[in-house]
Protein chains: 2
Amino acid sequence: MSQGASTVTVDLTAVIVAVTAADPRVLVVRRPDVAADWFPSGPLREEHRTLQAGLRSWVEHQTRLRLGHVEQLYTFGDRDRTLVEDRRPDARALSLAYLALTREAGLVGGKGDGGKGGGGNAEEAGAMEAIWRSWYDYLPWEDRRDQDAAERSVLATRLGAWARGESDRHARKDRLSRVALAFGLEGQPWDEERCLERYELLYEARVIPEAWADAHLPVPEAVRELGGRPMAADHRRILATAAGRLRAKIKYRPVLFELMPESFTLLHLQRTAEALAGAGLHKQNFRRLVEQNQLVEETGEVFSETGGRPAKLMRFRPEIRQERPSSGVRLKARPGA
Amino acid sequence: MSQGASTVTVDLTAVIVAVTAADPRVLVVRRPDVAADWFPSGPLREEHRTLQAGLRSWVEHQTRLRLGHVEQLYTFGDRDRTLVEDRRPDARALSLAYLALTREAGLVGGKGDGGKGGGGNAEEAGAMEAIWRSWYDYLPWEDRRDQDAAERSVLATRLGAWARGESDRHARKDRLSRVALAFGLEGQPWDEERCLERYELLYEARVIPEAWADAHLPVPEAVRELGGRPMAADHRRILATAAGRLRAKIKYRPVLFELMPESFTLLHLQRTAEALAGAGLHKQNFRRLVEQNQLVEETGEVFSETGGRPAKLMRFRPEIRQERPSSGVRLKARPGA
DNA sequence: CCCGTTATGCACAATGTGAGTATAAATAGA
DNA sequence: TCTATTTATACTCACATTGTGCATAACGGG
């Protein structure tokens, strides 16, 4: 029964999200000699008592960040997935991805160019650096807050060409409808949660550098310019999964808590929700929703640097934290933005 | 970096769900010499090109069932999880669970006592048998369609006692609120999706035989009677995960399709939804929902064995199959049942 | 032909949602 | 100081969705 049992390496990968200055940021690791960024990650080891413990340990070593709540995202494990460097090509690599939420850590980085996070053990330290970076750097097509139809239409054109380029009639129809559904074309509504479908389509259409690399082909210049910033291995796929999951989750669970500071204005809260959703929201309705669901309460103080009338400072009601029935933020994109 | 790398065995486990006669059934394997049932499963092998391929292969060998759409459920991998027989206790066991939907297969079993599904390879065949069994046999507390407050109140009493039995005041409060939230007590609404939370609580309170077995303790008789039918290893935890996931999913994706026959009456569809949700639904609302979302169309035929006025036979509209924006069935439990 | 039973259609109230308008309270600059 | 500008906050209104009940239709069986 266990004769042909596979030898497996298990990688633990963390997508750590914070929202700063109206941008959803992820904590990535980079080294000057390696082109692509990657998420904090490392192999599962003997001494790790649980998977989460292993993950936390790797994250702490690589970024000096201590994780709070962590949630399993997905397990990637197909043979043909992108091979990580210095690994036997025939060994199976299982990659367990986790999602963690946090406030942007003081330790690591500030507004975007980031500070250093020391590497853990000497052997892998090198000049490794952990920085926060907007997830839209990697998935620019997911940001629909401003209507820069420019890049979107280029992407759409490209995908349309790819779909129509299929010779088999049936497959062509299938491609066209998948593209329309995923990217909200031809009257279809844009569904912000379909991040992974969009990524997979772009990968399939080879608009993404990783798709060329995986096929052992040189990356065309046009692709390098269009497809957003690449990541190592399949980490960008993992990011797309994380974004989709998180966008779904804010609608039915109070996850914004873990991303906001102690006190905030309602507009600040809205900008955070919009940053994650990648879409503009209707202000009055957002406020009504938050208030009638009693997610927040006034602190009594006000924030005066609004540029106009000062805003009341709010805090989350502590009762909400312990997972009430359904205290998420149901949001619907405003057509105008 | 990979010195302390763990040796890992990876198990693939399939929760295969069908709905027959108003009961959600899962396909389980049993052997006369083993007390507990388990899900079709087996170790990941060299020759499996993808994880799903490995899973399909095990399922086919053990049950002769060919799976359609399969979705990843969760990866279980903590050191202290229930140990599967004949495995070194120090080796790490990773368990990848998948969820599959199907119509109850003709090959295997009929109404509940089931037929035989031959084992694959001789070495593990034994007198292995695959049968369909209601998932409420394993998770009886999840069925709230009829108000048999009897067993529910026993469980609630038991959990209440466990919560109040905690000596530390803070922890006691925490337990009480978790129990109330998960089981819909003290004015809290019953949330049918919280299957896993309920299972975990029952496990923690040792109302579940597996909890005793994992702690290497003999199972008290009272527990054996109350806690539903046990399963091998942590398969019942996996089932709770599957049930929760599926209950959530019917609300936003058209998954009922994969469970219904070609044509059906609206009441039949409703009974299927109710079976999964474990709650009664309001008839008129259900019909309106299904109709105004244009999920179904009339076949033109009628079904006369209703006992009253014949019902129109319906079929799913084929357009729905290819994942429309949101064509699930939003259902809300009717207070009365 | 009446009755029980189930299907189906329709009405109505309560609530939720999308979107607009009006007013309040600050700042910057003339 | 007065005014324009900016942002916060309050209120309104139409319309869709949802919870619920009642009326009517179409069968089988006495």
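Labels below follow one simple rule: chain letters A, B, ... track the order of the sequence lines, proteins then strands, and each chain is numbered from 1. FYI, side chains are in, hydrogens and waters are out, and symmetry mates aren't considered; it's all heavy atoms of this structure.
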| query | How would nucleotides 22-30 of chain C be written as a contact map, 5' to 3', with B for base contact, S for sugar-phosphate-only contact and - for no contact, using protein heavy atoms under 4.0 Å? | reply | --BBB----
| Given that A:Leu266 and B:Asn285 both sit by DNA chain D, which one's nearest nucleotide is further toward the 5' end? |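 It is A:Leu266 whose nearest nucleotide is closer to the 5' end.
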Distance, rounded to the nearest Å, where [X] contributes [atom1] and [N] contributes [atom2]:
| X | N | atom1 | atom2 | answer |
| --- | --- | --- | --- | --- |
| B:Lys283 | C:dG9 | NZ | P | 12 Å |
| A:Met314 | D:dA8 | CE | C1' | 11 Å |
| A:Gln270 | D:dT7 | CD | P | 13 Å |
| A:Phe264 | D:dA8 | CZ | P | 14 Å |
| A:His282 | D:dT9 | NE2 | C1' | 14 Å |
| B:Glu291 | C:dA7 | CD | P | 13 Å |
| B:Leu289 | D:dT18 | CG | C1' | 9 Å |
| B:Phe303 | C:dT5 | CZ | P | 18 Å |

| request: Taking only the side-chain nitrogens and oxygens of B:Arg288, find out if one of them lies under 4.0 Å from OP1 or OP2 of D:dT17. | output: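 Indeed not, no polar side-chain atom of B:Arg288 lies that close.
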| query | Can you check whether A:Lys312 has a side-chain N or O nearer than 4.0 Å to OP1 or OP2 of D:dA8? | reply |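 Result: no.
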| query | side-chain contact (heavy atoms from CB on, under 4.5 Å) with B:Ser263: which residues, sequence neighbours excluded? | reply |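 Once residues adjacent in sequence are excluded, the partners of B:Ser263 under the side-chain contact (heavy atoms from CB on, under 4.5 Å) criterion are B:Thr299, B:Leu313.
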| Can you list the residues that meet the side-chain contact (heavy atoms from CB on, under 4.5 Å) rule with B:Gln284, with sequence neighbours excluded? |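 B:Gln284 satisfies side-chain contact (heavy atoms from CB on, under 4.5 Å) with B:His282 once adjacent residues are dropped.
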| Given axes from five pairs at either end, by how many degrees does the helix from C:dC1-D:dG30 to C:dA30-D:dT1 bend, rounded to 10°? |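 Between the first-five-pair axis and the last-five-pair axis there is 10°.
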| Of all residues at least two apart in sequence or in a different chain, which pass the side chain to side chain donor-acceptor pair (under 3.5 Å) check with A:Glu298? |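 Counting only residues at least two positions away or on another chain, A:Glu298 forms a side chain to side chain donor-acceptor pair (under 3.5 Å) with A:Lys312.
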| said: Test of understanding: with side chain to side chain donor-acceptor pair (under 3.5 Å), list the residues that count as partners of B:Glu301, not counting sequence neighbours. | reply: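 B:Glu301 satisfies side chain to side chain donor-acceptor pair (under 3.5 Å) with no other residue.
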| field | Within-4.5 Å side-chain heavy-atom neighbours: A:Asp143 and A:Trp135 | value |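 A side-chain contact under 4.5 Å is absent here.
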| Close side-chain approach of B:Trp132 to B:Thr20, heavy-atom, < 4.5 Å |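 B:Trp132 does not reach B:Thr20 side chain to side chain.
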| message | Donor-acceptor pair, distance only, cut-off 3.5 Å: does the side chain of B:Arg198 make one with the backbone of B:Ala182? | response |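 Yes, B:Arg198 side chain to B:Ala182 backbone: donor-acceptor pair under 3.5 Å.
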| request: Describe, in one word, how the ring planes of A:Phe316 and A:Phe264 are oriented to each other, choosing from parallel (under 30°), tilted (30 to 60°) and perpendicular (over 60°). | output: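 A:Phe316 vs A:Phe264 ring planes: tilted.
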| said: Working to the nearest 0.5 angstrom, can you tell me the gap between A:Leu239 CG and A:Tyr138 OH? | reply: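 Rounded to the nearest 0.5 Å, the CG-OH separation comes to 8.5 Å.
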